[in-house]
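Notes follow the structure.
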2 protein chains.
Amino acid sequence: MEGGLKIGGVKRRITIHDVAAAAGVSISTASKALNNNGRMGDETRERVKRVASDIGFRPNALARGLLSKRSFTIGLLTNDTYGRFTLPVMAGVSEALVDHGVSVFLCAIEDDPALGQIHVDAMLDKQVDGIIATGKRLDRRLPVDLSNLPVPVVYAFTEGTPDSVTFRSDDAHGAQLAVEWLRQIGRHRIVHITGPRDFFSVHERADAYCQAAGGADPVMYGVWSESWGHEAIAEIWNRPGEKPDALFCGNDQIARGAVDALRERGIKVPDDVSVVGFDNWEIVAAQTRPPLTTVDMELKELGRQAGLTVLALAEGRPVEPGVRKLPCRLVVRQSCGGDSPRE
Amino acid sequence: MEGGLKIGGVKRRITIHDVAAAAGVSISTASKALNNNGRMGDETRERVKRVASDIGFRPNALARGLLSKRSFTIGLLTNDTYGRFTLPVMAGVSEALVDHGVSVFLCAIEDDPALGQIHVDAMLDKQVDGIIATGKRLDRRLPVDLSNLPVPVVYAFTEGTPDSVTFRSDDAHGAQLAVEWLRQIGRHRIVHITGPRDFFSVHERADAYCQAAGGADPVMYGVWSESWGHEAIAEIWNRPGEKPDALFCGNDQIARGAVDALRERGIKVPDDVSVVGFDNWEIVAAQTRPPLTTVDMELKELGRQAGLTVLALAEGRPVEPGVRKLPCRLVVRQSCGGDSPRE
DNA sequence: TTGTCGTGAGAAAACCTTTTACCAAGAAAT
DNA sequence: ATTTCTTGGTAAAAGGTTTTCTCACGACAA
């Protein structure tokens, strides 16, 4: 009843046997015809293909994988609960691999090593061709050892072994984009409000900010939340001294908190202060008033490249190990003022 | 080089042959020992198991699946781009099925029928044991026909065929929870600000609201965004007449917009007005000031049940078709006032 | 006529596991 | 002593596909 009717007896998937019988050839000839190898007459090949298509034959990937040792399946392991990073990455991976007939197992393992091990084992049992390990922090490993697996592993946004290939966004580049944009539109006193000190990417962004902005103001470290954005604004405006005319925030949530706090103080964004965020998390950036100009880490592209790389490794093609930093992109909305510089 | 070293020659996975050889028994004996069937001496069985564990044998799921016609794999199809609904559902599915050795293919198909068909075909080729179709709207079908598949399909948060089993949250119950809570804490003039009229769940919630609240005020329909929350507050407070002392919002984003708008008007939440949201989307609800009391749809539990159901169907166990409405849960934060009624 | 070659296609092995059928040997029953 | 039953285990088939090997047959050259 569920899942399709049985028509005239037992429900059975169509196999290459059926194709062979219908086309009046042997199984091996059918196989060769469909895979365009072996030798046979053009007429035979065409007939087999036509018959196969007519009766709706689709090869059993399990059987094929058993022999070829390729399952056309890869695993995506993540500890990112909210999907903030994982989902765009997954979208990219999936988009890149669907053309190659590869599907993706998604496993969310929180931070539980046991669960992680179970999922890795399950993937291995299912003969995945490769694994992409992704996380929410560059400098944290997944809670499971991926170093001696019989399949290739590539890392995205999480720390891998030195001889592996890791994809990450170029945080320094992102910070540079943000600061340069702010200067181009005429801002000079730029403050950087960011996340916790112990994040690697926080350092990279802060360093790039200092270099690009001339290091006028010290960086303000805090947490990744809106409320920290609020507090930071309170701190700045409650202390004596010149106020900034621009903020570069470590993520969109902080930026949103800051924008809200500024509005509550009667300070106009973008007229009095320009604000740039980081992440381009649509749900936050686009709903802020005014919508945030922010740095996009191009996670989908990152996923696409990670997908193609793990595929290359699975197919035995050589891949240079190391860290690949992908450039960021500035998404201009309204939190900085005119959408062209020097307006 | 990538993916583990080849130690002493060709890298090869350990098969049951290796176990049999190492234990000095035949392949079939080894298989039976490991699967606890067949007859043999306890000593033999234990020895085989020990050897298998020692050399790290794990059965090849492809080979097993080829014979048993079970791949221990299910597909999760979704058109929810942001993962707002999908991710919690997926977490529930995964959690329920990992104990049964079942892994989950996640496929995001946007609203592209061709892409959907490709992914469904790929899943079928990989012999998934079943498919869970999930979406973001109860009354919208996925853009792909799932009605005559050779595997069972269950639906979550999207419309299925009449004879299938569909899981959804009980929107009426959620609305009832919200309104009852507001009345319990002494609120009487409750306004319902919600999403577009053409959502099925909007109707269910609105109807339940009217019934529970006595239908004093008309329902305000709009869109699912913060800005609509703002607008609605402006509309209410700009028009003459008594103001509400409570808002029941159709989702957390609307609620957040409303709370922000109230604050900007100098109206205190929760002192002057209590606000209840819907969805318990942590990222919005917890970051609102004050944090939102909101209705949780128990998506993870929904996912778990959907997972167990598709598993049951895959194993041929009978399952009653129809729609299952899962109860909601009120998550009390600070947007309504004291965390106990009648305080 | 015989030998060689090329062409088209089928047979069989391989991939790995599970399951069914079967066998040999010893124990118990007649 | 012969039959029957139980025990501990093996051999083989099945599942669907790909690939390698082999074969038959007709054409062509010697």
Side-chain angles (χ1 to χ4, degrees), chain A residues 10-49 51-52 55-73 101 122 124-129 150, chain B residues 10-49 51-52 55-73 101 122 124-129 150:
Chain A
V10 180
K11 178 72 170 288
R12 199 175 52 76
R13 280 194 161 93
I14 320 174
T15 78
I16 201 169
H17 288 85
D18 303 317
V19 177
V25 295
S26 73
I27 298 168
S28 36
T29 302
S31 171
K32 285 184 296 188
L34 296 173
N35 295 295
N36 280 327
N37 51 20
R39 286 181 329 217
M40 73 192 59
D42 286 351
E43 190 276 335
T44 310
R45 197 181 292 277
E46 285 313 314
R47 178 163 44 90
V48 172
K49 283 185 177 176
V51 168
I55 65 177
F57 166 72
R58 299 196 57 105
N60 181 331
L62 260 47
R64 170 181 275 170
L66 188 56
L67 193 54
S68 70
K69 312 230 177 243
R70 292 265 332 258
S71 64
F72 291 90
T73 292
L124 259 25
D125 292 350
K126 285 173 182 138
Q127 314 288 114
V128 292
D129 298 334
Chain B
V10 180
K11 178 73 168 287
R12 200 174 51 77
R13 278 195 162 92
I14 314 173
T15 78
I16 202 171
H17 288 84
D18 304 317
V19 177
V25 294
S26 74
I27 297 167
S28 37
T29 303
S31 173
K32 285 186 298 188
L34 296 172
N35 294 295
N36 281 326
N37 49 21
R39 286 181 327 217
M40 73 191 62
D42 287 350
E43 191 275 334
T44 309
R45 197 180 291 276
E46 285 312 314
R47 178 163 44 92
V48 173
K49 283 184 176 176
V51 167
I55 65 177
F57 167 72
R58 302 197 54 106
N60 181 330
L62 261 47
R64 169 180 276 168
L66 188 56
L67 195 54
S68 69
K69 309 223 178 254
R70 290 267 329 259
S71 64
F72 291 90
T73 290
L124 258 25
D125 292 350
K126 284 172 182 138
Q127 314 287 115
V128 291
D129 298 334

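Below, chains carry the letters A, B, ... as their sequence lines are ordered, and counting in each starts from 1. Note: hydrogens, waters and symmetry copies are ignored here, and every other heavy atom, side chains too, is used. All of these numbers come straight from a predicted model, not from anything done at the bench.
Rounded to a whole Å, the CD1 atom of A/Ile27 is 11 Å from the C1' atom of C/dA12. Taking atom CD1 of B/Ile16 as the reference point, atom P of D/dT10 lies 12 Å away to the nearest angstrom. Atom CG of B/Leu66 is separated from atom P of C/dT17 by 12 Å (rounded to the nearest Å). Following rounding to the nearest Å, A/Leu67 (CG) and C/dA14 (P) show an atom-to-atom distance of 11 Å. Between the P atom of D/dT17 and the CG atom of A/Leu34 lies a distance of 10 Å, rounded to the nearest Å. Rounded to an integer number of Å, the gap from CE of A/Met40 to P of D/dC23 is 19 Å. Put simply, CZ on A/Arg45 is 13 Å from P on C/dG10, counting in whole angstrom units. Taking atom NE2 of residue A/His17 and atom P of nucleotide C/dG10, one finds them 13 Å apart after rounding to whole Å.
Residue contacts for A/Leu62: at a heavy-atom cut-off of 4.0 Å it reaches no nucleic acid atom on any strand shown. At a threshold of 4.0 angstrom between heavy atoms, the contacts of A/Thr44 are confined to the sugar-phosphate backbone, with no base atom among them. Residue contacts shown for B/Thr15 are limited to sugar-phosphate atoms, with no base heavy atom under 4.0 Å away.
Rounded to the nearest 0.5 Å, atoms CG (B/Asp18) and CD1 (B/Ile27) are 9.5 Å apart.
Put simply, the side chain of A/Lys126 does not reach to within 4.5 Å of the side chain of A/Thr73, judged on heavy atoms. Between A/Arg58 and B/Leu124, the closest side-chain pair of non-hydrogen atoms is not below 4.5 Å. At least one side-chain heavy atom of B/Arg45 sits under 4.5 Å from a side-chain heavy atom of B/Asn36. A/Met40 has its side chain within reach of A/Thr29: a pair of non-hydrogen atoms, C-beta onward, lies under 4.5 Å apart.
Phosphate proximity of C/dG8 to A/Arg39: absent, as no side-chain N or O sits under 4.0 Å from OP1 or OP2. For B/Thr29 and D/dT10, the shortest distance from a side-chain N or O to OP1 or OP2 is below 4.0 Å. Phosphate contact (OP1/OP2 of D/dT17, side-chain N/O of A/Asn60, threshold under 4.0 Å): absent.
At a cut-off of 3.5 angstrom, counting only N and O atoms as typed in the model, there is no donor on one side facing an acceptor on the other between the side-chain of A/Ser26 and the base of C/dA9. A/Lys32 contributes no side-chain N or O that forms a donor-acceptor pair with the base of C/dG8 under 3.5 Å.
Side-chain proximity of A/Ser28 to the nucleotides D/dT10, C/dA11, C/dT17 is greatest for C/dA11.
Each of A/Asn37 and B/Gly24 was matched to the nucleotide of DNA chain D holding its nearest heavy atom; the match closer to the 5' end belongs to B/Gly24.
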